[in-house]
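Reading through the structure tokens given below for one structure.
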Amino acid sequence: MSDAATMVTRLHIDGAMLTHVGLVRTANEDVVAYVYPNRTDPLAALDLFALVADGMGGHAAGEVASRMAADIMMARIGPTTTFTPALLMEAIDEANRAILAESRIDAARSGMGTTCTAVAVRDGALYLAHVGDSRAYLVRNGIATQISLDHSLVAEMVRRGTLTEAEAETSPHRHVITQSLGRHDTVAPDIFVDGLALQAGDTIVLCSDGLTDLVSRTAIAEAVRATPPDAAASGLIELALAAGGHDNVSVGVFQLAAEAPRAAHLSRTTASIRVVIDPGETA
């Protein structure tokens with residue numbers, strides 16, 4: 001095989017993630033993290049891996065659970081040189097077992113858990129791994145479509161037709177989640193086995209419920225339109241704060257553009273770049 005035997009076409013991805021403690025909580029139990037491969041390395045397995053985790057549990061246990069989920073997922077997926085959707089399931093299962101084991105060792109962390117919504121992008125396709133009620137949206141042609149399904153009591157009632165979406169928004173049970181990492185021996189995440197095709201001009205938005213409780217899907221789409229990712233993420237957090245900021249709020253915005261094909265080489269160049277944003281108030 002020659003040194004430039006194949007041509008690899010990728011979408012250029014530009015993104016930013018931010019997390020904020022909000023205006024009411026004293027601690028931030030959200031964690032956001034993302035990683036790009038070296039953009040000059042055509043053999044890198046992924047073009048993007050990103051996640052948001054929203055922890056729950058007393059005595060700061062939620063912070064522990066969300067951090068554990070992020071660390072395990074990033075370690076298993078972020079630097080991978082070979083990617084399959086099955087790897088997402090394996091990473092989710094590993095995180096669930098580790099968090100549950102920790103909660104059983106330390107009584108102060110008993111019952112801790114976390115949501116986890118993660119996306120991997122490879123060869124112009126998006127692969128989702130999702131547990132809980134954090135969300136992933138695909139914004140295309142100015143319209144935001146939720147591509148994750150909430151694992152919550154009211155969401156299941158809406159899907160069964162026993163509750164309307166309007167009723168769900170004001171239901172006292174809207175924060176009762178039906179799945180999370182660290183609460184049970186097994187977990188049944190939503191995994192995209194077949195990738196969702198992406199195109200230039202798309203925007204991927206990841207967020208915790210601290211945003212979606214207060215900011216509409218239409219407002220999310222408008223905030224990311226023709227706005228650089230860092231400004232869009234900051235703007236969305238400001239919208240949540242202006243609406244009350246009663247919870248931690250986390251946002252990731254990733255914009256896709258066309259990228260010219262380039263020659264694939266046999267050997268890797270440098271390692272992937274990892275970026276992890278610690279919980280806490282944004283600047």
Side-chain angles (χ1 to χ4, degrees), residues 17 19 28-37 44-57 60-122 125-136 147-152 177-196 206 208 250 252 271-279:
M17 298 193 86
T19 185
N28 193 345
E29 295 183 321
D30 287 1
V31 173
V32 296
Y34 69 107
V35 59
Y36 292 119
L46 292 173
D47 298 308
L48 169 70
F49 182 66
L51 65 86
V52 58
D54 180 356
M56 62 204 80
E63 298 176 38
V64 175
S66 58
R67 171 54 62 187
M68 288 181 67
D71 285 348
I72 290 170
M73 293 290 289
M74 293 299 293
R76 286 295 302 273
I77 308 295
T80 184
T81 57
T82 57
F83 172 82
T84 66
L87 192 58
L88 291 171
M89 182 68 232
E90 293 170 10
I92 286 282
D93 183 61
E94 180 181 340
N96 182 65
R97 288 185 284 105
I99 295 167
L100 185 60
E102 181 67 21
S103 72
R104 289 171 172 169
I105 291 171
D106 187 343
R109 296 173 178 175
S110 177
M112 72 176 178
T114 184
T115 70
C116 185
T117 302
V119 294
V121 176
R122 183 190 68 176
L126 179 149
Y127 298 85
L128 174 78
H130 168 71
V131 177
D133 64 351
S134 295
R135 291 182 179 177
I147 58 174
S148 59
L149 293 177
D150 292 352
H151 295 155
S152 68
I177 64 174
T178 55
Q179 283 208 73
S180 62
L181 298 183
R183 292 290 182 90
H184 301 286
D185 289 330
T186 59
V187 64
D190 293 331
I191 304 287
F192 282 13
V193 176
D194 298 317
L196 175 66
L206 299 180
S208 63
S250 296
S272 299
I273 301 168
R274 178 182 175 187
V275 180
V276 176
I277 304 174
D278 289 327

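Every heavy atom of this structure was used, including side-chain atoms; hydrogens, water molecules and symmetry mates were not.
With sequence neighbours excluded, no residue forms a side chain to side chain donor-acceptor pair (under 3.5 Å) with R183. In this view, A91 and M73, R76, I77 satisfy the side chain to side chain contact (heavy atoms under 4.5 Å, CB included) rule, not counting sequence neighbours. Scanning for ring-ring contact (aromatic ring centres under 6.0 Å, His included) contacts around F83 gives Y127, with sequence neighbours left out.
Heavy atoms only, all atoms of each residue included: A136 and V119 are closest at CB-CG1, 4.5 Å. Closest heavy-atom contact between D150 and D133: OD1-O, 4.1 Å. The shortest heavy-atom contact between S208 and S134 is CA-OG, 3.8 Å. In plain terms, the two heavy atoms of S66 and V31 that are nearest each other are OG-CG2, 3.5 Å. For the pair M89 and P189, the tightest heavy-atom approach, listed with the atom from each and the gap, is SD-CG, 3.5 Å. Listed here is the closest heavy atom pair of L88 and F49: CD2-CE1, 4.0 Å.
Contact annotation: the side chain of M68 never approaches that of T114 to less than 4.5 Å [non-hydrogen atoms, C-beta and beyond]. Side-chain atoms of L51 and M74, non-hydrogen and from C-beta on, do get closer than 4.5 Å to each other. Side-chain atoms of H151 and I177, non-hydrogen and from C-beta on, never get closer than 4.5 Å to each other. The shortest distance between side-chain heavy atoms of R135 and T117 does not fall below 4.5 Å. Taking 4.5 Å as the limit, some side-chain heavy atom of S148 sits within range of a side-chain heavy atom of L128.
Each of D47, L48, L46 was scored for a side-chain contact (heavy atoms from CB on, under 4.5 Å) with Y36, with one residue passing: L48. When R67, R104, M112 are each tested for a side-chain contact (heavy atoms from CB on, under 4.5 Å) with I99, only one passes: M112. For the side chain to side chain donor-acceptor pair (under 3.5 Å) with S250, the qualifying choice from N28, D54, D30 is D30, the only one to do so.
In this structure, CD1 on I105 lies 12.0 Å from OG on S110, to the nearest 0.5 angstrom. Expressed to the nearest 0.5 Å, how far CD of Q179 lies from NE2 of H184 amounts to 8.5 Å.
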Trace of the side-chain contact (heavy atoms from CB on, under 4.5 Å) decision for T115 with M56: CA-CA 8 Å; T115 70; M56 62 204 80; 4.1 Å; yes

Worked verdict on I147 versus L126 for side-chain contact (heavy atoms from CB on, under 4.5 Å): CA-CA 10 Å; I147 58 174; L126 179 149; 3.9 Å; yes

